[in-house]
Amino acid sequence: MDSTHHDRLLIIDFGSQVTQLIARRLRELNVYCEIHPFQNVTDAFLTEFAPKAVIFSGGPASVMDEGSPRPPESVFGLGVPILGICYGQQVMMQCLGGKVERGHGTAEFGRAYVTPESKLSLLEGWFLTDKEQVWMSHGDHVSEIAPGFEVYGTSPNAPFAITADVARNFYAVQFHPEVHHTPNGAKLYENFVRLAGFSGDWTMGAYREQAIATIKERVGDKQVICALSGGVDSSVAAALIHEAVGDQLTCVFVDHGLLRLNEAEEVVTMFRDHMNLKVIHAQEQELFLGELDGVSDPETKRKIIGKLFIDVFQKYADQIEGAAFLAQGTLYPDVIESVSFSGGPSVTIKSHHNVGGLPEKMGLRLVEPLRELFKDEVRALGRELGLPASFIGRHPFPGPGLAIRCPGEITRDKLEILRKADAVYIDQIRKHGLYDEIWQAFVAILPVRTVGVMGDGRTYDFACALRAVTSVDGMTADYYPFSHEFLGETATRIINEVQGINRVTYDITSKPPGTIEWE
Ligand code: XMP
């Protein structure tokens, strides 16, 4: 099954930060869509693509600026439904004979409320109360609608918040129905694809086929290398690319000695033995731990690990003859986060490490097959690819590994203790059936030793902190409200089973003000 057997929706991208969210809403409705930048959408392209419906995205330009983006005129003659969003609405009005004006106090940024004018099939399920919350982000506004259009909703600063030419099936909204701040926005897309006649037969299985075909075409007969971390993203990317190009993919698993108990063996066994991937297990524990010896500053630790990671990866990659592509498990949120909304530099709270910069240095091109997906979609794709459920549901694990869960100096002894304590804690969470409710849980070993008494003897061992948070994206987080029984039982188990720890604390800091990791 490939995309050509599906009804296709075309999203013409005018450069909005949130265009991908439109695609996401459509995928949730099992509708096949493709995003194409407006420059590429020519008459010939439209004929070949043959969309069943078209959406114009938002965008940062002003339709009054010379040379501002436009769709080809022929799009209006296709006879298919068109939905224009924000800039897409303005450009639609401009092209069809309406008028757009600059701000003059009518700009709207943020939450706004739209009230209905009259009934419209696009708005089915809307206005069950007297108004709908929407997200606006516009400087210009439509001052005169195009002939044939009527108004179906207004907001204080957008008298033409919702307009439509029902006869031609053209719809235009000033707000962004794709973002969460338009709580009922998904319903608009649902109505739009229903009235366009989509059957909703596009599934994650179909996405997989499509992604495989794209990878095959891009990579051809060249070699691909991939830094496999054992995390969900790089694992799903590797599995997908392996399905597409088989042995042309070689994965490098960098073992920096900062992994969890049995983690390296589990990852290598799964990929090498069960999935038949070519995996190089780069055993570089000595190198990393040697360089980290005596270092206690968190940023210095991160920088050392990040730099060594790149050096090591490059060393192994250089041994792979003919490597032309670097695979990365970049997700859509990484793509948007890397673009600063304000256009200005943002403060670095922690320097995250990745293999950015490597491709240019090594003359590699990128394959990023997960660029359009969100985390939950990556998990669905992973299931589709047959990765074990226990693996797909794993909590995130940071690139610098246990180094940032060991505040102060890192020693092998501390790492050993930390691994054991973490394993007991996670075992407890799984036994109590709480693992999937929690975004991330781990132990941090603290740089203090405290006095205790066990049996008749005095102990002087490390204290540790348990961390467990709920979150949707790791950007903000709440501590998980374990019961006292759970915490008591876990503390007892850790102290009994892990030599070297005699005190257990629970971290009840949310993010912000704390971060999830301790460093
Ligand atoms: P913080 O500690 O900043 O963490 O609240 C947010 C999420 O990011 C993970 N994290 C990292 N992931 N490389 C990564 O791949 C890193 O350097 C890194 N630092 C933090 C953290 O585990 C949490 O999920």
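Both counts, for ligands and for their atoms, begin at 1 and track the order of listing. Because the structure is a prediction, the values reported are computed rather than measured.
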* Compute both the distance and the angle, then confirm whether Arg449 meets the cation-pi test with Phe462: under 6.0 Å from the six-membered ring centre, within 45 degrees of the axis. => yes
* Interfacing atoms of ligand 1 (cut-off 4.0 Å, heavy-atom, Gly474) -> 6 (C)
* Structure fact -> In ligand 1, the atoms that come under 4.0 Å of a heavy atom of Thr515 are 1 (P), 2 (O), 5 (O)
* Asked: Judging by distance only, is a nitrogen or oxygen of Phe397 under 3.5 angstrom from one on ligand 1?
  -> no
* Asked: Would Glu489 and His432 count as having a side-chain donor-acceptor pair, cut-off 3.5 Å?
  -> yes
* Asked: Do Ser16 and Ser57 get their side chains close enough for a donor-acceptor pair, meaning under 3.5 Å?
  -> no
* Indicate yes or no: does an N/O atom of Glu517 lie under 3.5 Å from an N/O atom of ligand 1? => yes
* Decide whether Arg371 and Thr330 meet the rule of one side-chain donor and one side-chain acceptor closer than 3.5 Å. => no
* To do: Could you list the atoms of ligand 1 found under 4.0 angstrom from a heavy atom of Lys511?
  => 1 (P), 3 (O), 5 (O), 6 (C)
* Could you verify whether a donor N or O on one side chain and an acceptor N or O on the other, from Gln440 and Tyr480, lie under 3.5 Å apart? => no
* Under 3.5 Å: N/O of Gly399 near N/O of ligand 1 -> yes
* Taking side chain to side chain contact (heavy atoms under 4.5 Å, CB included) as the test, write out the residues that go with Ala423, two or more places apart. => Leu261
* Counting each atom of ligand 1 from 1 as listed, which ones have a heavy atom of Pro400 under 4.0 Å away? -> 13 (N), 16 (C), 17 (O)
* Would you tell me which option among Pro398, Gly306, Gly514 has the nearest heavy-atom contact to atom 12 (N) of ligand 1? => Pro398
* **Ligand-residue contact atoms, ligand 1 with Arg302, heavy atoms, under 4.0 Å** => 16 (C), 17 (O), 18 (C), 19 (N), 20 (C)
* Judged by modelled atom types alone, do Glu28 and Tyr189 share a side-chain donor-acceptor pair under 3.5 Å? -> no
